[in-house]
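When reading the values below, keep in mind they use all heavy atoms of this one structure, side chains included, and skip hydrogens, waters and symmetry mates.
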Amino acid sequence: MTDLVAMWEVALSDGIHKIEFEHGTTSGKRVVYVDGKEIIRRDWMFKLVGKETFSVGASQTKATINIDAVSGFAYEYTLEINGKSLKKYMENRSKTTNTWVLHVNGEDCRVVLEKDTMDVWCNGRKLETAGEFVEDGTETHFTIGDHDCCIKAVSSGKRREGIIHTLIVDGREIPESVE
């Protein structure tokens with residue numbers, strides 16, 4: 001990777017993915033790596049600006065690297081996820097998902113709740129869940145190894161805050177992580 005010009009980390013439900021981009025401005029080469037694996041290679045591209053579009057993660061999320069000339073032989077590289085700038089995508093994602101990182105059975109587990117679908121992911125795997133209505137909201141039950149887990153959804157009572165999601169593992173509340 002001699003022509004590495006940009007690197008991004010993208011947090012998706014199935015994990016945090018590393019995207020790397022090589023751009024050889026003299027050779028016209030463009031190479032895209034996702035999680036260290038080469039997924040696009042183009043050699044001898046005479047047009048040095050443009051886009052490279054590819055998929056990331058288990059849900060095949062659309063990603064685009066934009067290559068723009070800034071001045072002379074200087075270039076700017078920006079990453080879009082699902083048509084939004086990475087910054088906008090991550091801001092929106094923080095509204096549509098909850099993430100918890102916890103230590104279970106000697107390993108770190110990254111648990112992600114997709115609020116729109118109520119899908120629960122753990123370390124890149126979508127988990128089997130069972131949802132039920134309870135007196136003060138809903139509970140989504142699942143297991144990690146031999147540990148009983150539950151995500152409780154209760155109304156905050158405030159319209160601006162909406163629903164509060166809490167992860168409980170073996171009866172213990174887990175604090176939410178900030179990504």
Side-chain angles (χ1 to χ4, degrees), residues 6-21 32-40 53-65 78-179:
M7 197 276 288
W8 300 272
E9 287 193 342
V10 180
L12 300 177
S13 296
D14 68 334
I16 298 172
H17 299 279
K18 183 176 175 183
I19 298 171
E20 296 168 295
F21 183 58
V32 177
Y33 298 90
V34 176
D35 299 326
K37 185 175 163 232
E38 183 181 306
I39 58 164
I40 294 176
T53 300
F54 52 96
S55 298
V56 179
S59 56
Q60 295 292 293
T61 302
K62 182 182 163 198
T64 302
I65 295 173
T78 54
L79 179 67
E80 291 178 359
I81 303 293
N82 281 342
K84 295 184 177 89
S85 73
L86 181 58
K87 184 176 188 289
K88 266 266 180 268
Y89 176 80
M90 295 313 285
E91 286 169 2
N92 185 51
R93 187 166 167 72
S94 69
K95 295 175 193 154
T96 60
T97 61
N98 287 79
T99 303
W100 298 270
V101 176
L102 58 147
H103 203 69
V104 178
N105 296 342
E107 68 174 348
D108 286 332
C109 293
R110 181 176 174 270
V111 176
V112 178
L113 168 68
E114 292 181 349
K115 295 181 201 175
D116 53 350
T117 60
M118 294 305 286
D119 286 340
V120 177
W121 294 74
C122 179
N123 291 352
R125 276 188 15 263
K126 194 159 120 180
L127 301 177
E128 288 290 321
T129 61
E132 69 174 321
F133 290 99
V134 293
E135 191 177 314
D136 54 351
T138 64
E139 292 182 355
T140 303
H141 297 272
F142 57 97
T143 58
I144 298 174
D146 54 357
H147 298 273
D148 291 324
C149 306
C150 170
I151 296 175
K152 287 177 84 71
V154 295
S155 172
S156 64
K158 299 182 183 98
R159 204 158 151 233
R160 280 212 174 283
E161 287 177 34
I163 295 171
I164 297 169
H165 295 88
T166 308
L167 174 63
I168 298 163
V169 177
D170 295 332
R172 202 178 94 240
E173 189 174 317
I174 307 297
E176 190 174 350
S177 299
V178 179
E179 290 192 334

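Residue C150 holds its SG atom at 5.5 Å from CD1 of I168, rounded to the nearest 0.5 Å. Rounding to the nearest 0.5 angstrom, the gap separating the CG atom in L113 from the CG atom in L127 is 11.0 Å. The CD1 atom of I40 sits 7.5 Å away from the CD1 atom of I65 when rounded to the nearest 0.5 Å. To the nearest 0.5 Å, the span separating CH2 on W100 from CD on E176 amounts to 6.0 Å.
The two residues S13 and W121 make their nearest non-hydrogen contact at O-CB, 3.3 Å. Scanning both residues, S55 and I39, for their nearest heavy atoms gives O-CD1, 4.3 Å. In this structure, C122 and C109 approach most closely via the heavy-atom pair SG-CB, 3.9 Å. Annotation for L79 and F54: closest pair CD1-CZ, 4.4 Å, computed over non-hydrogen atoms. For D14 against A58, the heavy-atom pair with the smallest separation is OD2-N, 2.6 Å. Nearest heavy-atom pair across R110 and A11 is NH2-CB, 3.6 Å.
Here the side chain of Q60 pairs a donor or acceptor atom with the backbone of G57 at under 3.5 angstrom. In this structure a side-chain-to-backbone donor-acceptor pair under 3.5 Å is present from N123 to D108. The closest donor-acceptor contact from the side chain of T64 to the backbone of T53 lies at 3.5 Å or more, if one exists at all.
Between I81 and R93 there is no side-chain heavy-atom pair separated by less than 4.5 Å. K18 has its side chain out of reach of V34: every pair of non-hydrogen atoms, C-beta onward, lies at least 4.5 Å apart. By the 4.5 Å heavy-atom criterion applied to side chains, I151 and N98 are not counted as neighbours. Residues H165 and I163 meet the side-chain proximity criterion, which asks for heavy atoms closer than 4.5 Å. Residues L167 and L102 are in side-chain contact: their nearest non-hydrogen atoms beyond the backbone lie under 4.5 Å apart.
In this structure, the side chain to side chain donor-acceptor pair (under 3.5 Å) partners of T61, at least two apart in sequence or on a different chain, are S59. Residues that satisfy the salt bridge (charged side-chain N to carboxylate O under 4.0 Å, His left out) test with K62, not counting sequence neighbours, are absent from this structure. Residues satisfying the side chain to side chain donor-acceptor pair (under 3.5 Å) criterion with D35, sequence neighbours excluded, are H17. With sequence neighbours excluded, no residue forms a side-chain contact (heavy atoms from CB on, under 4.5 Å) with K95.
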Could you list the donor-acceptor pairs under 3.5 angstrom formed between side-chain atoms of residues 83-91 and any protein atom two or more places apart in sequence or on another chain?
residue, atom, partner, partner atom, Å
S85, OG, K88, N, 3.1
K87, NZ, E91, OE2, 2.9

Would you mind writing out the side-chain donor-acceptor pairs for residues 138-147 within the sub-3.5 Å range, not counting sequence neighbours?
residue, atom, partner, partner atom, Å
E139, OE1, H141, NE2, 3.1
E139, OE2, K152, NZ, 2.8
H141, NE2, E132, OE2, 2.8
H147, ND1, D170, OD2, 2.4
H147, NE2, N105, OD1, 2.8

